[in-house]
Amino acid sequence: PKPSKPPTVSSLPNATCTTMEPIVLSKTEFEDGSYIETLEPADGGEMYYRSCYKGMCRYSSDLWQAQVYIHQMTAT
């Protein structure tokens with residue numbers, strides 16, 4: 001017999017795709033519109049940081065690096 005293909009999401013009835021968004025523990029906003037968020041993975045684990053400015057975000061595992069990213073992104 002011919003081997004069958006594995007099912008795809010579109011071929012499964014009532015299938016949904018769920019993304020696990022991180023939990024925002026805190027957010028520090030700066031005057032220029034940039035910000036640093038402290039995040040915790042939705043499924044547990046070590047917290048991490050998201051540095052964002054003008055729609056671009058970078059992720060890091062320590063606050064010092066998050067601050068460096070903000071400085072780099074906002075430098076003119």
Closest non-hydrogen atom pair, Ile70 against Thr74
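Between these two residues, the closest heavy atoms are O-OG1, 2.8 Å.
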
Closest non-hydrogen atom pair, Ser51 against Ala66
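The pair with the smallest heavy-atom distance is OG-O, 2.9 Å.
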
Indicate if Tyr53 and Tyr69 have the same hydrophobic cluster label, given that clusters are the connected sets of ILVMFWY residues with side-chain heavy-atom separations under 4.5 angstrom.
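Yes, because Tyr53 and Tyr69 connect within a single hydrophobic cluster, where side-chain heavy atoms sit under 4.5 Å apart.
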
Quick one: do Phe30 and Leu63 end up in the same hydrophobic cluster if we chain Ile, Leu, Val, Met, Phe, Trp and Tyr together by side-chain heavy atoms under 4.5 Å apart?
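Same cluster: Phe30 reaches Leu63 through Ile, Leu, Val, Met, Phe, Trp or Tyr contacts under 4.5 Å.
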
Show every donor-acceptor pair shorter than 3.5 Å between a side-chain atom in residues 36-49 and any protein atom, with sequence neighbours excluded, or say none if there are none.
unit_1 : atom_1 : unit_2 : atom_2 : d
Glu37  : OE1    : Arg50  : NE     : 2.7
Glu37  : OE1    : Arg50  : NH2    : 2.7
Thr38  : OG1    : Ser26  : OG     : 3.0

The criterion is side-chain hydrogen bond (donor to acceptor under 3.5 Å, both in side chains); which residues satisfy it with Asp32, sequence neighbours excluded?
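Per chain and number, Asp32 pairs via side-chain hydrogen bond (donor to acceptor under 3.5 Å, both in side chains) with Ser34.
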
Per the salt bridge (Lys or Arg N to Asp or Glu O under 4.0 Å) rule, what does the pair list look like for residues 53-67, sequence neighbours excluded?
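For residues 53-67: none.
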
Going from SG on Cys52 to NZ on Lys27, what distance comes out if it is rounded to the nearest 0.5 angstrom?
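Cys52 SG to Lys27 NZ: 8.0 Å, rounded to 0.5 Å.
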
Who else is in the cluster with Trp64 when I, L, V, M, F, W and Y are joined by side-chain contacts under 4.5 Å?
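Val68, listed by chain and number.
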
